[in-house]
Structures are given as structure tokens and as C-alpha cells.
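What follows is a set of notes on a single structure, which appears directly below.
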Amino acid sequence: MRYLSTRQPDLPDQETHDLGQALRLGLAPDGGLFVPERLPCFAADDFSACADLPSTATDLLAPFFADSALADELVGICRESLNLPLPVVELLPGQAWMLELFHGPTAAFKDFAARFLAACMARLRGKNNHHAVQTVLVATSGDTGGAVAAAFHRRPGFRVVILYPEGRVSARQAHQLGAFGDNIHTFCVQGNFDDCQRLAKQALNHAELAESLALTSANSISIGRLLPQISYYAHAVSALATRAEGSVDVIVPTGNLGNALACILARDMGLPIGEVVLATNANPTLDEYFSGGEYRGRPGIETLANAMDVGDPSNFERLRWFYRDRDLREAAISAFSIDDETIRQRIVTTWREQAVALCPHTACAVEVLARRLESGAQRPHLLAATAHPAKFEAVVEPLLEQAIEPPPALAELLARPSHARPLAADFDALRRELIALAVP
Ligand SMILES: *Cc1c(COP(=O)(O)O)cnc(C)c1O
């Protein structure tokens with residue numbers, strides 16, 4: 001499989017990259033996002049006999065790895081990185097199931113992608129005989145940083161530098177981000193998430209720094225994060241299809257459209273998925289577009305579901321590319337925007353009626369389910385549950401009027417001391433810190 005850029009014209013003699021190059025570069029040289037030249041096709045029941053996620057992923061991703069330096073490593077990559085619990089829990093008998101994606105080390109779905117990317121990068125590093133320590137620089141609004149840190153923690157040949165915005169992540173997220181130590185360096189930036197992203201971009205574009213620290217990014221637009229996410233939808237709907245007799249509609253809480261695009265691609269590759277329903281917070285860009293309006297990217301607004309505070313989803317460019325010959329608004333994709341007050345009410349109602357605690361992101365999906373059922377939807381639904389509620393304790397605990405136990409892996413991190421260093425939202429300050437890291 002070759003990879004091209006979303007921004008390059010569709011001509012036969014265009015420059016293409018293999019998967020290893022696409023992973024190393026992150027972003028295409030013309031500033032576009034990497035996309036596979038085509039999508040492989042599968043039959044709806046191709047994965048029904050796969051016993052676990054690593055086996056589904058190995059079969060599903062083989063075409064994407066074909067002819068790359070990592071082709072022979074795919075089995076090992078999937079076994080090592082995707083061996084996380086993946087429960088499908090019934091929410092409404094025979095009608096709705098939750099795909100719990102939060103049983104990894106940092107209790108959010110981003111663990112799957114971060115671990116997969118780390119497993120790929122470690123193997124690429126071995127093949128390229130890199131000697132210098134590579135520095136993975138990541139700007140985070142909360143969950144990405146922790147997932148990347150956990151995936152690279154104590155991995156020889158890598159260090160991770162995390163930039164998170166002061167006061168914009170939950171207390172537990174902040175503690176977790178600073179609790180790794182060893183090869184993980186955490187900075188609490190005196191600014192917002194946009195400042196963190198700008199600083200990371202400036203460093204990556206700074207030729208001298210990028211060279212001396214072997215800088216690389218693990219941001220959410222890497223193709224290496226999109227691919228493994230396709231596999232958990234494939235695995236879950238294959239298992240459900242027998243129980244639900246046919247295809248299911250899938251509701252995905254969405255910010256940058258990474259997780260949701262993976263679901264759309266799983267469907268377009270032949271898996272038994274009907275409609276893909278995007279559940280956003282109060283950021284209205286996708287709701288407007290899929291309700292027939294223009295696509296209008298804008299700055300994100302802050303909400304309770306803060307991992308989805310995105311006004312201009314970066315993966316929209318990829319989605320549009322995949323649908324370049326078709327009308328995206330006729331593609332059985334819909335979007336609903338949910339405001340903070342409704343998120344609060346949904347967390348309370350679901351707790352009272354079903355004794356299920358939801359994180360604010362997953363609450364958006366459950367609210368969308370309720371609206372669809374009210375308007376007469378009959379088909380079975382699968383909902384992506386993106387984070388454990390204990391990770392968003394400041395929102396969830398007061399609503400439930402009780403404490404929520406963090407899952408064991410998160411509890412273990414929270415029990416460790418946490419050291420984030422303050423950093424001015426200023427490139428010179430970051431440059432000095434980075435240079436200091438490189439001096440042993
Ligand atoms: C990152 C994140 C999202 C949004 O995922 P996208 O791929 O950006 O759409 C949703 N929920 C949680 C808990 C997250 O951490």
C-alpha cells in the first residue's frame with residue numbers, strides 16, 4: 001500500500017510514500033494528511049471467527065502494511081499494543097451496546113492508538129539503526145499526552161515531552177500527566193491548548209532543534225493512530241452482528257474526527273455498520289455541516305467534554321478526501337451537538353435509571369441515542385465509550401453525589417508523585433528546556 005497526501009492532485013505520477021515513511025513524517029511534506037491510496041474490501045463476516053482484537057487487527061491491517069518495512073512485524077505490533085480488554089456491554093436489552101474503549105493504562109480510547117504507534121516507531125527505529133534518542137513532542141488537551149507517555153514510558157531510545165495547558169485539564173489528568181517520570185518530561189504551559197500546539201509546531205519546524213533532539217510528533221493526525229482504531233470497530237461489530245442480526249448504527253463522541261473517521265472507514269471497507277452518528281459537544285461545526293450548512297471551521301469553545309473542544313476538526317480534510325467522488329451529506333453520516341447542561345442531565349439520568357456512570361464525552365453519545373430512540377429509531381446501536389468516568393471526576397462526582405473509584409492502572413499512576421514543570425507560553429523558554437534535556 002502506498003500513502004499520498006490529501007492535498008495532492010489525483011494524478012498517476014504523484015509522489016507516494018510507504019507506511020514507514022508516512023509514520024516517520026507524521027504530516028505529508030505539502031502540509032496535507034497522509035491517506036492510503038485505496039481502501040481494502042472485506043466481507044461482512046470476515047472477522048466473525050477472530051478470537052481477539054489483535055487477530056482482527058492483524059487481518060484487517062495487513063493490506064495497509066503490505067510492501068512496507070513493517071509488513072513482517074504487524075503480528076507482533078498488534079499482539080503487543082492491542083491486547084487491551086474491549087468489553088461490549090449491553091446498555092438497553094437487544095437495542096444498544098457500549099463499546100468500552102477505556103480499559104487501557106490511561107483509561108481513555110487513545111491508549112489503543114498511542115500504543116500501536118509506539119510499537120511501530122520502536123520497530124522502525126530498530127530497522128533504521130538510529131542511535132540518537134528520539135524525542136516525541138506532544139501537545140495535549142488532556143488524554144493524548146497521558147496515552148503517549150504510557151506508550152513510550154521506559155522504552156529505550158525514546159523520550160517524551162508533554163505540553164499541557166495550565167488549569168484546562170482535570171486534576172486527575174494533570175496528576176497523571178506528571179506521574180510517569182523516567183524518560184517522560186511534563187510541562188504545564190501558562191497558556192491554552194492552542195499555545196501548546198503552537199509551541200510544539202514551532203519546535204518541530206525548527207531545523208536545528210529537530211535535528212539535535214531527533215524530534216518527532218505523535219499527534220492525532222498520524223495515520224498510525226487512525227489505523228488501529230479501525231480495528232476495534234471491526235472487531236466489535238463483527239461480534240455484535242450475530243447477536244443483533246445484521247448491521248448496527250454506531251454513535252461516536254467526536255472532536256477531531258479521528259475515532260469517528262475510523263468507524264466510517266470500517267464501514268466503507270465492508271463491515272456491518274449502518275449509519276455513523278457523530279456526537280459532539282457544544283462546538284457546532286459538524287452538526288451545522290451535516291444538517292446541510294457550509295463547513296465553517298472556527299476556534300474551539302470550552303465545554304465539560306473538554307477532549308472534544310474542537311471547532312475545526314483536523315480529520316475533516318481526510319474525510320472529505322475519502323468522499324472526493326461522492327456527496328458526503330448523502331453518506332449515512334449524521335451529527336448532533338450537545339450542550340453542557342444536557343450533558344449534565346444525561347449523566348444524572350443514566351446513573352439513576354441504569355446505574356451506569358458516564359464520562360462527559362460518552363454522555364454526548366448516550367444523549368444522541370436517547371434522541372434517536374425518541375424519534376422512532378429501530379435499529380440496534382453501538383456506542384463508543386471513550387473514557388472512564390473517574391478520569392473526569394470534577395464533572396461527574398458532584399452530579400452522582402458520590403466518589404468514583406479510578407480503575408487500577410489509573411489508580412496506580414495517581415498514587416505516584418507528580419512532577420510537571422511550569423513553562424511560559426514562549427518558544428524560547430521551550431527551546432531552552434529542550435536543549436537542557438539533550439545534555440546528559
Ligand atoms: C480525544 C477524545 C475524544 C475525541 O476523539 P477524536 O478522535 O478527536 O474525535 C473523545 N473522548 C475522549 C475521552 C477523548 O480523549
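The shown structure was predicted, so the numbers you read here are calculated from the model rather than taken from an experiment. Both counts, for ligands and for their atoms, begin at 1 and track the order of listing.
Atom CZ of R352 has 12 or fewer heavy atoms from other residues, nucleotides or ligands within 6.0 Å.
Using a 4.5 Å heavy-atom threshold, the side chains of T144 and Y164 count as separate. Under the 4.5 Å side-chain criterion, counting only non-hydrogen atoms from C-beta, L278 is not in contact with F336. E90 has its side chain out of reach of M98: every pair of non-hydrogen atoms, C-beta onward, lies at least 4.5 Å apart.
For atom 11 (N) of ligand 1, the closest non-hydrogen atom on the protein side is T386 OG1, 2.8 Å. Looking at atom 4 (C) of ligand 1, its nearest protein heavy atom turns out to be G255 N, 3.7 Å. Distance from atom 7 (O) of ligand 1 to its nearest protein heavy atom, with residue and atom name: N259 N, 2.9 Å. Summary of contacts: the protein heavy atom closest to atom 5 (O) of ligand 1 is F109 CZ, 3.4 Å. Of the protein's non-hydrogen atoms, the one nearest atom 6 (P) of ligand 1 is N256 N, 3.6 Å.
Checked against side chain to side chain contact (heavy atoms under 4.5 Å, CB included), A390 has the following partners two or more places apart in sequence or in another chain: R172, H388, I404, P406, P407.
Residue H361 has no N or O atom closer than 3.5 Å to an N or O atom of ligand 1. Among the atoms of T254, none of the N or O lies under 3.5 angstrom from an N or O of ligand 1. Checked by distance only, ligand 1 and A307 stay at 3.5 Å or farther apart across all their nitrogen or oxygen atoms. Taking only nitrogen or oxygen atoms, main chain and side chain alike, G258 reaches within less than 3.5 Å of ligand 1.
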- Query: Does the side chain to side chain contact (heavy atoms under 4.5 Å, CB included) test come out yes or no for V250 and E275, once each step is laid out?
  - Reply: CA-CA 6 Å; V250 185; E275 193 168 333; over 6 Å; no
- Item | Audit row: L423, Q190, side chain to side chain contact (heavy atoms under 4.5 Å, CB included) steps and yes/no | CA-CA 6 Å; L423 183 76; Q190 286 142 16; over 6 Å; no
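Look at F102 and you'll find every heavy atom at least 4.0 Å from all atoms of ligand 1.
In summary, the atoms of ligand 1 found under 4.0 Å from a heavy atom of K110, numbered by their order in the structure, are 1 (C), 2 (C), 3 (C), 14 (C), 15 (O). Each of the following atoms of ligand 1 lies closer than 4.0 Å to a heavy atom of D143: 12 (C), 13 (C), 14 (C), 15 (O).
Aromatic ring pairs are classed by plane angle as parallel below 30°, tilted from 30° to 60° and perpendicular above 60°; the pair Y289 and Y295 is perpendicular.
Using a 4.0 Å cut-off between heavy atoms, T362 makes no contact with ligand 1 at all.
Using a 4.0 Å cut-off between charged nitrogen and carboxylate oxygen, R7 and D30 do not count as a salt-bridge pair.
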